[in-house]
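Notes to accompany the following structure.
One is the number of the first residue; the rest follow in order along the sequence. Computed from a predicted model, the values in this text were never measured in an experiment.
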Amino acid sequence: MTDLVTGGGGFIGGHVVAALVREGRRVRVLDIAPFEGLPDRVETVTGSVTDRDTVRRAMAGVERVFHVAGIPSLWIPNKADYEAVNHHGTEVVLAAAAEAGVKRVVHTSTGAILFYPLRQRSTVALPTLDDMPGPYCRSKFLAEEAAMAAAKRGQEVVIVNPTLPLGPGDRSCTPPTRMIRDFVNGTTPAFVDFPVSLADVRDVASGHLRAAEVGRPGRRYFLGSPPLPLSEVLATLGQVTGLAMPRFKVPYPVALAAAAVSEMVADFITRKPPTAPLSGVRLTRRPAAPELARPLSDLGIDLRPLHETLADTVAWLAAEGMLKKPLPR
């Protein structure tokens, strides 16, 4: 039998594939991206999770599905793509998995939709669709609802909610890696201080495999660390690199106004990613709430120390030529 990894050519998906290969599993990857760095014996299917026929073909003979595919960016030129890929693509994958008799599906959601609603910080009530701060979060919220609905119908669907993943191998430079790169390169002179939850991508991949093995259908598992102030993360990054990190903190209203202008310019003029997506700034007021999901310990996973994750991320960025100058350390 075979494990299918949708989005296996991406950052998290690539690490899930590598972890499965190390366990001796047969792996098939469905992705629209170039298949760079995948082991030779991994079978590949090129196509989108929005294409029903391609997804059905990729499901043939599959025992487990790791549905990792999705748009991770907080800004894209065509906002309708969020709904098409993140939400509708999940519905296509779940339907094809049910049709093919797949034993278990692990759905990759996100920690960005698990936060206390602004109106009621004192409870552990789940946020609603109206609480989502932008189109990315709305699409992932709806995708998770589709996964929960499939579990209620009897499919063995387990949900994992990774927070901001860091580590080696992020060739597309997703937002968390870009944040570290820009701080090290000195192109981000100031920051909004807020509680941030990070996770080593290798631990996130291990969490996916453990969820497939021991996770309970219809439950979500929080794949991330307890939130830390970004200022503490930057202090650790300074220790790792030997560089002085920015100390100037931008007030939230100023950051929100700047992001609104930046995103308007991106949407209507440049069509290039804004310096700070509006959704990202809004999320700083909605820190992740691990209490809304099962902890990593339920899966038997321990997170690596933040220092190790940052050091490996910086070393990989340096090896890939993404840093502007040699580091003191």
Side-chain angles (χ1 to χ4, degrees), residues 4-7 12-13 30 48-52 55 59 64-74 76 79-100 102-120 123-164 197 204 207-208 211-212 215-224 279 282-283 286-295 298-299:
L4 173 65
V5 182
T6 70
I12 293 177
L30 169 63
S48 171
V49 292
T50 63
D51 186 323
R52 296 180 186 276
V55 173
M59 290 282 177
R64 305 185 304 186
V65 172
F66 296 85
H67 177 44
V68 190
I71 299 174
S73 301
L74 294 176
I76 54 176
K79 307 300 184 287
D81 287 346
Y82 284 125
E83 167 64 20
V85 177
N86 292 351
H87 179 203
H88 177 62
T90 296
E91 293 179 322
V92 171
V93 168
L94 291 168
E99 182 182 320
V102 169
K103 180 179 178 182
R104 174 158 288 211
V105 177
V106 176
H107 170 67
T108 307
S109 185
T110 173
I113 65 171
L114 297 181
F115 52 80
Y116 297 136
L118 293 176
R119 63 184 182 277
Q120 49 183 48
T123 72
V124 291
L126 284 169
T128 67
L129 182 62
D130 290 339
D131 295 314
M132 296 298 116
Y136 165 77
C137 290
R138 285 195 291 272
S139 68
K140 294 297 284 185
F141 181 91
L142 291 169
E144 186 176 294
E145 283 202 328
M148 285 290 190
K152 290 179 180 177
R153 291 193 299 269
Q155 272 185 271
E156 287 205 10
V157 181
V158 183
I159 297 166
V160 290
N161 295 78
T163 57
L164 300 177
S197 176
V204 170
H208 279 70
R216 297 281 297 276
R219 288 186 175 177
R220 61 173 67 83
Y221 294 86
F222 187 84
L223 304 187
S279 294
R282 286 173 173 159
L283 281 170
R286 298 165 173 84
E291 301 85 357
L292 299 181
R294 300 278 171 167
D298 278 14
L299 298 176

Problem - Step-by-step side chain to side chain contact (heavy atoms under 4.5 Å, CB included) determination, His67 to Leu94 - result: CA-CA 9 Å; His67 177 44; Leu94 291 168; over 6 Å; no
Below 4.5 Å, heavy atoms only, C-beta onward: do [X] and [Y] meet side chain to side chain?
X	Y	result
Met59	Val93	yes
Leu299	Leu223	yes
Arg220	Ile113	no
Asp131	Phe141	no
Pro162	Thr108	yes
Val158	Arg219	no
Phe222	Leu292	no
Met132	Lys140	no

Problem - Audit row: Asn86, Ile71, side chain to side chain contact (heavy atoms under 4.5 Å, CB included) steps and yes/no - result: CA-CA 6 Å; Asn86 292 351; Ile71 299 174; 3.8 Å; yes
Which heavy atom of [X] sits nearest a heavy atom of [Y], and at what distance?
X	Y	result
Pro117	Pro127	CG-CA, 3.7 Å
Val5	Gly13	CG1-O, 4.0 Å
Pro133	Arg282	O-NH1, 3.3 Å
Phe115	Pro287	CB-O, 3.4 Å
Val160	Gly207	CG1-O, 4.4 Å
Ala143	Thr90	CB-OG1, 3.6 Å

Practice task
Give a yes or no on whether Lys79 atom NZ has more than 12 heavy-atom contacts from other residues, nucleotides or ligands under 6.0 Å away.
Solution key: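 Buried by this count: over 12 neighbours within 6.0 Å.
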Handout entry: Over 12 non-hydrogen atoms of neighbours within 6.0 angstrom of CZ in Arg294
Key =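 Not more than 12 within 6.0 Å, no.
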Practice task
Mind running side chain to side chain contact (heavy atoms under 4.5 Å, CB included) on Thr50 and Val55 for me, showing each step along the way?
Solution key: CA-CA 8 Å; Thr50 63; Val55 173; over 6 Å; no
Handout entry: Heavy-atom donor-acceptor pair, Ser197 side chain to Gly224 backbone, under 3.5 Å
Key =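 No, the answer is negative, given that no donor and acceptor are paired below the 3.5 Å cut-off.
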Exercise for the section: Go through the side-chain N and O atoms of His87 and Ser139 and say whether any donor and acceptor fall under 3.5 Å apart. Expected result: no
About how many Å separate [atom2] of [Y] and [atom1] of [X], when rounded to the nearest 0.5 Å?
X	Y	atom1	atom2	value
Arg216	Glu156	CZ	CD	11.0 Å
His107	Gln155	NE2	CD	12.0 Å
Asn161	Tyr221	CG	OH	11.5 Å

Exercise for the section: Not counting sequence neighbours, which residues clear ring pair (Phe, Tyr, Trp, His ring centres under 6.0 Å) with His208? List them please. Expected result: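 Partners of His208 under the ring pair (Phe, Tyr, Trp, His ring centres under 6.0 Å) test: none.
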Exercise for the section: Kindly determine whether Glu145 and Leu129 satisfy side chain to side chain contact (heavy atoms under 4.5 Å, CB included), including the steps that lead there. Expected result: CA-CA 10 Å; Glu145 283 202 328; Leu129 182 62; over 6 Å; no
